[in-house]
Amino acid sequence: MSEAAAERSIVSELLESRRAQMFPKLTAAQLARLERHGAARATTAGEVLLDVGAEPRGIFVVVAGSVEILLPFASDVRSKACEFALLTVLAPGDFSGELSTLRGASGLARLRVREPGSVLELSLEGLRRVVQNDSELSDLFMRAFILRRMGILESGLSDVIVVGSSRAGDTLRIREFLTRNGRPYVNLDVDRDADARALLERFQLAPGEIPIVICRGGEVLKNPDNRGLADCLGINARRDDDVVHDFVVIGAGPAGLAAAVYAASEGLDTCVVEAFGPGGQAGTSSKIENYLGFPTGISGAALAGRAFSQAQKFGAQVNVAWEAKRLRCDAWPYTVETSTGRPVHARTVLIASGAQYRALDLENLPHFLGSGVYYAATHLEARLCDGEEVIVVGGGNSAGQAAVFLAGYCAHVHILVRAAGLAESMSSYLISRIESTPGISLHVRTRITALEGAGHLERVTWTSGDGSSESHELRHVFLMLGALPNTRWLDGCVALDTPGFVKTGPDLSAEELERWALSRGPYLLETSVPGVFAAGDARAGSVKRIAAAVGEGSGVVQFAHRALRELAERSPRDLRLS
Ligand SMILES: Cc1cc2nc3c(=O)[nH]c(=O)nc-3n(C[C@H](O)[C@H](O)[C@H](O)COP(=O)(O)OP(=O)(O)OC[C@H]3O[C@@H](n4cnc5c(N)ncnc54)[C@H](O)[C@@H]3O)c2cc1C
């Protein structure tokens with residue numbers, strides 16, 4: 001990797017508008033408060049204080065001299081050459097660090113001493129103590145860290161290159177994984193980019209071997225899985241597998257992140273296990289308009305990013321690309337077996353693994369989520385398609401209700417079902433309503449076979465049982481195919497309802513509580529196993545909404561505190577359930 005520091009105008013332009021907040025100068029009083037959490041040391045010119053991808057070391061506050069922040073970027077993708085761009089020079093009173101610092105993950109930048117002097121070095125623990133206890137410095141650090149990460153993402157500078165085709169599912173997965181985890185990357189599309197094809201030729205890679213990821217300007221990963229990517233980029237902090245955490249959360253959607261924020265802020269040793277990246281279903285929404293406190297809406301990515309930073313501020317450990325494979329609840333403390341082969345031990349567990357809406361088997365469907373394809377038919381969506389023709393896919397009651405409701409707003413509603421009719425899947429009262437509502441037509445043995453549009457959905461093709469297809473200029477499709485809970489990994493550990501959602505509190509029957517080991521009954525969000533809770537979309541009877549998931553996730557923490565006390569008072573032997 002070349003060390004030539006290239007001044008790039010894009011970096012300085014980016015900094016101009018936000019420099020004051022991205023790189024605030026500490027006052028003498030703030031510096032004095034930090035001194036008790038760190039250690040001073042001398043620096044020499046050219047010394048690298050921290051390198052890209054190196055073990056995390058907390059932050060450096062410049063006391064005398066100056067320190068360069070250098071961002072790596074792929075300067076010539078054909079040769080994998082990588083150089084460094086100068087982001088800024090830290091002078092006395094300035095400090096290093098960005099979001100990965102707080103997380104304890106490996107960093108995205110190189111810190112190199114320009115003029116010798118001295119720095120105050122704060123360890124990760126020291127930094128966490130400050131952001132948790134000093135509200136003035138906490139605001140200053142958190143704002144700077146978030147803006148710096150946003151700045152790095154917006155700069156487009158990265159030493160990570162993804163080479164693939166936009167038509168390939170794995171390329172989309174890799175890009176989404178990096179985006180959802182806030183990682184900058186350079187995207188090369190083999191269908192459009194001559195550089196991409198040249199790169200494949202140079203490294204003698206066959207088209208069948210794409211997507212590839214050139215990680216940190218060096219290692220070439222062929223169609224890596226999410227874990228391979230996370231490992232190569234050092235996204236997760238190091239963890240000690242022997243630790244028994246107070247509270248282990250499975251899933252970093254709204255429910256899991258809310259629980260992590262409350263639990264960690266209330267002093268519980270909290271660990272989150274997330275199969276993909278923070279945000280869950282909400283993270284895929286382009287604009288959430290009904291979440292309290294955001295009158296002009298907020299994107300799912302922004303909401304997830306804020307919640308994720310907040311959880312880390314309070315010290316929750318979040319492991320992404322870790323999938324829970326099994327919950328061992330036959331002995332306490334409980335153990336979560338994961339896709340990494342490494343266990344996570346827990347005194348209490350929150351199941352917040354959410355649900356997945358049944359979708360259509362169309363590769364470009366994700367492009368239209370929120371831009372013509374919806375999983376809900378509320379007033380919000382109805383307003384979007386006011387006076388237009390729409391499609392409702394599905395033959396269940398939710399599809400029937402949606403069709404009748406939308407008929408009041410839209411020019412025409414087409415119901416598409418694969419079956420020969422609705423009688424077997426929909427209540428008769430809804431069928432009668434559909435039949436008596438003008439402006440609804442039913443298309444049986446019919447399925448959508450293509451979605452088209454640049455940005456927003458513009459055209460839909462459907463195919464009937466006889467093989468004939470027709471295309472229509474339709475801009476709105478409502479998928480009412482039901483949700484599937486992400487609970488297979490529970491493998492008989494806790495009681496589930498028929499579709500597989502986790503039963504909690506008063507919904508549990510005496511039969512389901514036969515092996516219940518405590519004298520009290522289960523708390524409101526507690527499952528059939530003491531100290532194992534469920535919140536959000538994975539829970540039976542939950543309202544499938546962000547605010548509801550956040551409410552349940554935060555509310556569950558008070559029950560976890562009580563369960564921790566009760567379980568600790570009993571010997572592990574008493575709690576053996578089998
Ligand atoms: C496109 C879209 C738009 C939406 N828009 C809105 C809206 O505008 N307003 C609104 O109120 N609601 C909206 N919703 C619904 C809302 O997003 C969900 O109700 C909410 O996200 C549920 O939160 P959750 O945390 O319970 O589960 P999820 O969001 O489903 O998160 C679960 C998390 O668990 C992880 N996970 C799953 N299995 C495992 C495992 N075995 N191990 C580890 N991790 C696992 C998943 O990767 C995921 O990150 C929308 C949903 C979608 C799909």
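Note that the numbering runs from 1 along the sequence shown for the chain.
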What's the verdict on side-chain contact (heavy atoms from CB on, under 4.5 Å) for Leu99 and Ile146, showing C-alpha distance, side-chain angles and the deciding distance? CA-CA 6 Å; Leu99 282 179; Ile146 291 169; 4.0 Å; yes

side-chain contact (heavy atoms from CB on, under 4.5 Å) between Phe314 and Glu266, intermediate numbers included: CA-CA 9 Å; Phe314 291 117; Glu266 291 173 21; over 6 Å; no

Under 6.0 Å between the ring centres of His476 and His456? yes

Results of disulfide (SG to SG under 2.5 Å) for Cys232 - residues two or more places apart only: Cys215

For [X] and [Y], take the angle between the two ring planes, folded into 0 to 90°, and tell me which bin it lands in: parallel under 30, tilted 30 to 60, perpendicular over 60.
X: Phe177; Y: Phe276; value: perpendicular
X: Tyr375; Y: Tyr357; value: parallel
X: Trp332; Y: Tyr334; value: perpendicular

Run the salt bridge (Lys or Arg N to Asp or Glu O under 4.0 Å) test on Glu526 and Arg562 for me, step by step, so that the C-alpha distance in whole Å, both residues' side-chain angles and the decisive distance to 0.1 Å come before the verdict. CA-CA 11 Å; Glu526 200 167 23; Arg562 286 190 220 165; over 6 Å; no

Working to the nearest 0.5 angstrom, can you tell me the gap between [X] [atom1] and [Y] [atom2]?
X: Ile434; Y: Leu442; atom1: CD1; atom2: CG; answer: 7.5 Å
X: Thr179; Y: Leu153; atom1: OG1; atom2: CG; answer: 8.5 Å
X: Leu369; Y: Leu479; atom1: CG; atom2: CG; answer: 8.0 Å

[X] [atom1]: over 12 foreign heavy atoms closer than 6.0 Å:
X: Glu289; atom1: CD; value: yes
X: Arg358; atom1: CZ; value: yes
X: Arg418; atom1: CZ; value: no
X: Tyr262; atom1: OH; value: no

Where do [X] and [Y] come nearest, in terms of heavy atoms and distance?
X: Arg459; Y: Leu457; value: O-CD1, 3.7 Å
X: Leu518; Y: Arg570; value: CD2-CD, 3.2 Å
X: Ala540; Y: Asp507; value: O-OD2, 4.2 Å
X: Ser542; Y: Glu552; value: CB-OE2, 4.1 Å
X: Tyr523; Y: Glu566; value: OH-OE2, 2.5 Å
X: Thr449; Y: Leu362; value: O-CD2, 3.4 Å

Out of the candidates Thr527, Val529, Leu513, only one should pair with Pro522 under the side-chain contact (heavy atoms from CB on, under 4.5 Å) rule; please name it. Leu513

Check whether the side chains of Gln310 and Arg306 place a donor and an acceptor atom closer than 3.5 Å, and report yes or no. no

Does the Ser299 side chain pair with the main chain of Ala302, one donor and one acceptor, at a distance under 3.5 Å? yes

Taking Arg128 for the side chain and Leu102 for the main chain, is one N or O donor matched with an acceptor at less than 3.5 Å? yes

Take Asn226 and Arg180 through the side chain to side chain donor-acceptor pair (under 3.5 Å) test and state the conclusion after the steps. CA-CA 12 Å; Asn226 300 333; Arg180 288 274 290 274; over 6 Å; no

Taking Arg149 first and then Glu98, would you say they form a salt bridge - that is, a charged N and a carboxylate O separated by under 4.0 Å? yes

N-O pairing of Glu337 and Arg342 below 4.0 Å: no

Take Leu108 and Arg183 through the side-chain contact (heavy atoms from CB on, under 4.5 Å) test and state the conclusion after the steps. CA-CA 9 Å; Leu108 301 177; Arg183 287 283 157 153; 3.1 Å; yes

Could you give all pairs that pass the side chain to side chain donor-acceptor pair (under 3.5 Å) test and reach residues 477-494, with sequence neighbours left out? Ser353-Trp489

Tell me, please, whether Phe501 has Lys544 positioned over its six-membered ring: NZ or CZ under 6.0 Å from the ring centre and within 45 degrees of its axis? yes

Contacts of Gln317 that satisfy side chain to side chain donor-acceptor pair (under 3.5 Å) - sequence neighbours left out: Arg239, Asn319

